[in-house]
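Step one of this worksheet: look at the structure below.
Note that the coordinates shown come from a computational prediction; the quantities given were computed from them, not determined experimentally. The basis for the numbers below is simple: all heavy atoms, side chains too, and nothing from hydrogens, waters or symmetry mates. When a ligand or atom number is given, it counts from 1 through the structure's own listing order.
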Amino acid sequence: MKDTLGGKSIILRLELQTEMIHFGHLITVITENGGDVIAIDVIQTGPNWTVRDITVSALEQAQLEAVTRAMKELPGIRLIHVSDRTFLLHLGGKIEMKPKVPIQNRDDLSRVYTPDVARVCMAIHEKQENAYKLTIKRNTVAVVSDGSAVLGLGNIGPYAAMPVMEGKAMLFKQLADVDAFPICLDTQSTEEIITTIKHLAPAFGGINLEDISSPRCFEIEERLRHELDIPVFHDDQHGTAVVLYAGLINALKVVGKTIDEAKVVVCGIGAAGIACSKILLAAGVKELIGVDREGALVSTQTYANSMWNWYAQHTNPNQVTGALSDIIADADVFIGLSAGGVLKRSDVAKMAQHPVVFVMANPTPEILPDEIEDIAGVIATGRSDFPNQINNVLCFPGIFRAALDCQAMTINEEMKLAASAAIASVVAPQELNKLYIIPSVFNQEVVRLIRKAVIEAAIRTGVARRMPREYRVGGTL
Ligand SMILES: NC(=O)C1=CN([C@@H]2O[C@H](COP(=O)(O)OP(=O)(O)OC[C@H]3O[C@@H](n4cnc5c(N)ncnc54)[C@H](O)[C@@H]3O)[C@@H](O)[C@H]2O)C=CC1
Ligand SMILES: CC(=O)C(=O)O
Ligand SMILES: [Mg+2]
């Protein structure tokens, strides 16, 4: 398994003895070790020395390590330090809180704070819905994790989970102008998580649950959905399912297969795998087989995880048993939501003609695309550095933009299916090909079309508490 973890570019600060080393030689050594020089900055110079920052990128972390080693060994060079650009970007965190209005004088002070703020408080006290008009609740979502299933890194705890939650908050803001607050809880008790989120809810218009491991995530979400009057959405389940379905609609068109005839294998029956399987069953998949660490799930077995019992009863119609490498034979579609390196080239070679291979584990997919690009019909990963990124980032900004704008009580099945169709529709028929089945996260149509489709589904199903301006009489769409 290739190591693709870690930063893929570094800045080397080097002191060069100009009489001992030629700059051209230095660049050649970097290139020979697999690095690409993408920037050179002169920091200081003397009569026969110079200090330079050399920014080097590489496909893999191992190449950056080789470049660093080579720099240490070259005569006439002193390696002052190495900075990882990803770490530099995280210094002090990635987001900040900013006031919308400046406080420039006493008058401003008395209005944003005491005494005048008291009148605003009382307006909300008299009518709680005013919180939507007069506080950040209208546009703010809590991104809540307990750090128990962070990407595919596993149970790394609440401190280590923060960079992912900060990243999600950035994406909410940049892509859909939703203010999102990262919250990592120092508990993995279902009851404590539920209670804490209920206590936090007054400040928020929605709760995005993130990276909470299964099966606890199911109960946490279900209970909160019933006990809160704001949308609660476990992104790893539903965000992933929405985007997966959008991608599959288009991938099947590319390979000329239909969803009801496709044999689909889902690997990793956790939060994401179960939700993706449910959307596929609802979409008409008949032959769906789930496989986890101990092989295919079958209804003849009883599992400690109650969701697996449900799963086994609703899938695997032929009661196929065995490991992934057995059950993948003749499959039309593989969906990986498990861990890096789980799928082998020999497994893909056993699949039906033009197989659709969605390897969505993060940060390392079940197999790297370059290992199978000659034998797969369509390949997608969860990452932004390969074509076809199937990642819940395509869903959660737009779906919450819609939910906040119509003050939806919940995010229901119709709203999710509307979001899938909206995402799939961004790729026009004439654009569709094996390297372009799903729009880019930077395609501005994505959030706009999801918002429209999801608001309309919310209104249709009676869960919208507010009509956005363009849906009121006299409004324009
Ligand atoms: N591309 C995307 O948008 C998304 C990707 N993911 C990725 O999917 C993976 C799972 O995420 P969650 O469902 O949230 O985690 P989870 O912890 O709820 O589920 C993971 C499941 O995979 C199984 N698994 C682990 N190693 C396996 C192996 N070698 N063979 C078979 N099964 C194995 C586990 O037993 C567990 O049932 C992670 O890598 C995560 O990054 C999750 C959500 C969205
Ligand atoms: C994308 C995402 O949410 C995950 O990998 O957990
Ligand atoms: Mg996640």
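At under 3.5 Å, not a single nitrogen or oxygen of Ala339, backbone or side chain, sits near a nitrogen or oxygen of ligand 1. In terms of polar-atom proximity, defined here as any N/O pair under 3.5 Å, Trp308 makes no such contact with ligand 1. Taking any N or O of Ile212, backbone or side chain, none lies under 3.5 Å from an N or O belonging to ligand 1. Residue Met360 places at least one N or O, backbone or side chain, under 3.5 Å from an N or O of ligand 1.
Here atom 43 (C) of ligand 1 lies nearest to Asp236 when heavy atoms of Ile390, Asn155, Asp236 are compared. The option with the heavy atom closest to atom 24 (N) of ligand 1, from among Ser214, Ser338, Pro363, Gly382, is Ser338.
At a cut-off of 3.5 Å, with distance as the only test, a side-chain donor of Asn392 or Thr240 sits close to an acceptor on the other residue. In summary, the side chains of Thr190 and Arg216 do not present any donor paired with an acceptor at a separation below 3.5 Å, with no hydrogens or angles considered. Using modelled atom types, one finds no donor on one side chain facing an acceptor on the other under 3.5 Å when comparing Ser440 with Gln389. In this structure, a donor-acceptor pair under 3.5 Å is absent between the side chains of Asn412 and Thr410. There is a side-chain donor-acceptor pair under 3.5 Å between Arg401 and Asn139. Side-chain contact of Asp347 with Ser325: a donor-acceptor pair under 3.5 Å is absent, judged by distance alone. Using modelled atom types and a 3.5 Å distance limit, the side chains of Glu210 and His234 yield no donor-acceptor pair.
Distance check, rounded to the nearest 0.5 Å: NZ of Lys263 to CD1 of Ile289 gives 4.5 Å. From Ser299, atom OG reaches atom CG of Asn309 across 10.0 Å, with rounding to the nearest 0.5 Å.
Contacts between Val342 and ligand 1 below 4.0 angstrom, taking non-hydrogen atoms only, involve the side chain exclusively. Here Ile269 has backbone heavy atoms under 4.0 Å from ligand 1, and that is the only part of it that gets that close. The part of Cys267 lying near ligand 1 is the side chain, judged by heavy-atom distances below 4.0 Å.
Under 2.8 Å from the Mg ion (ligand 3), one finds the following protein N/O/S atoms: Glu210 OE2, Asp211 OD1, Asp236 OD1.
With ligand atoms numbered from 1 in the order given, ligand 1 contributes 7 (C), 39 (O) to contacts under 4.0 Å with heavy atoms of Ala361.
Ranking protein heavy atoms by distance to atom 44 (C) of ligand 1, first place goes to Thr240 OG1, 3.0 Å. Arg293 N, 3.5 Å is the protein heavy atom nearest to atom 32 (N) of ligand 1. The nearest heavy-atom contact from the protein to atom 19 (O) of ligand 1 is Gly270 CA, 3.2 Å. The protein non-hydrogen atom at the shortest distance from atom 41 (O) of ligand 1 is Leu151 C, 3.1 Å. Here the heavy atom of the protein found nearest to atom 18 (O) of ligand 1 is Ala271 N, 2.9 Å. The shortest contact between atom 20 (C) of ligand 1 and any protein heavy atom is with Leu337 O, 4.0 Å. The single protein non-hydrogen atom nearest to atom 12 (P) of ligand 1 is Ala272 N, 4.1 Å, given as residue, atom name and distance. In terms of protein heavy-atom proximity, atom 36 (C) of ligand 1 is nearest to Asp292 OD2, 3.6 Å.
Residues Ile183 and Leu185 meet the side-chain proximity criterion, which asks for heavy atoms closer than 4.5 Å.
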Checklist entry - Given the rule in the side-chain contact (heavy atoms from CB on, under 4.5 Å) test, do Met360 and Ile335 qualify, once you have shown the distances and angles that lead to the verdict? => result CA-CA 7 Å; Met360 295 162 65; Ile335 292 164; 4.3 Å; yes

Item to check | Check against side-chain contact (heavy atoms from CB on, under 4.5 Å), Phe172 and Asp179 | outcome: CA-CA 7 Å; Phe172 264 119; Asp179 295 300; over 6 Å; no

Could you list each N/O atom of ligand 2 together with any protein N/O atom closer than 3.5 Å, one pair per line with the distance?
unit_1	atom_1	unit_2	atom_2	d
ligand 2	3 (O)	Lys168	NZ	2.9
ligand 2	3 (O)	Glu210	OE2	3.0
ligand 2	3 (O)	Asp236	OD1	3.0
ligand 2	3 (O)	Asn392	OD1	3.4
ligand 2	3 (O)	Asn392	ND2	3.0
ligand 2	5 (O)	Asn362	ND2	2.8
ligand 2	6 (O)	Asp211	OD1	3.0
ligand 2	6 (O)	Asp236	OD1	2.9

Using distance only, find each side-chain donor-acceptor pair of residues 254-262 under 3.5 Å and give its atom names and separation, not counting sequence neighbours.
unit_1	atom_1	unit_2	atom_2	d
Lys257	NZ	Asp332	OD1	2.8
Lys257	NZ	Gln353	O	2.6
Thr258	OG1	Asp260	OD1	2.9
Thr258	OG1	Glu261	OE1	3.4

Mind listing the side-chain donor-acceptor pairs of residues 193-201 below 3.5 Å, one per line with the distance, residues two or more places apart or on another chain?
unit_1	atom_1	unit_2	atom_2	d
Thr195	OG1	Glu191	O	2.8
Thr196	OG1	Glu192	O	2.6
Lys198	NZ	Glu227	OE1	2.7

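In this structure, Arg466 does not pair ionically with Asp405, as no charged nitrogen and carboxylate oxygen lie closer than 4.0 Å. Using a 4.0 Å cut-off between charged nitrogen and carboxylate oxygen, Glu96 and Lys98 count as a salt-bridge pair. Under the 4.0 Å criterion applied to side-chain N and carboxylate O atoms, Arg345 and Asp374 are assigned as salt-bridge partners.
Two rings, from Phe358 and Phe334, have their centers 6.0 Å or more apart.
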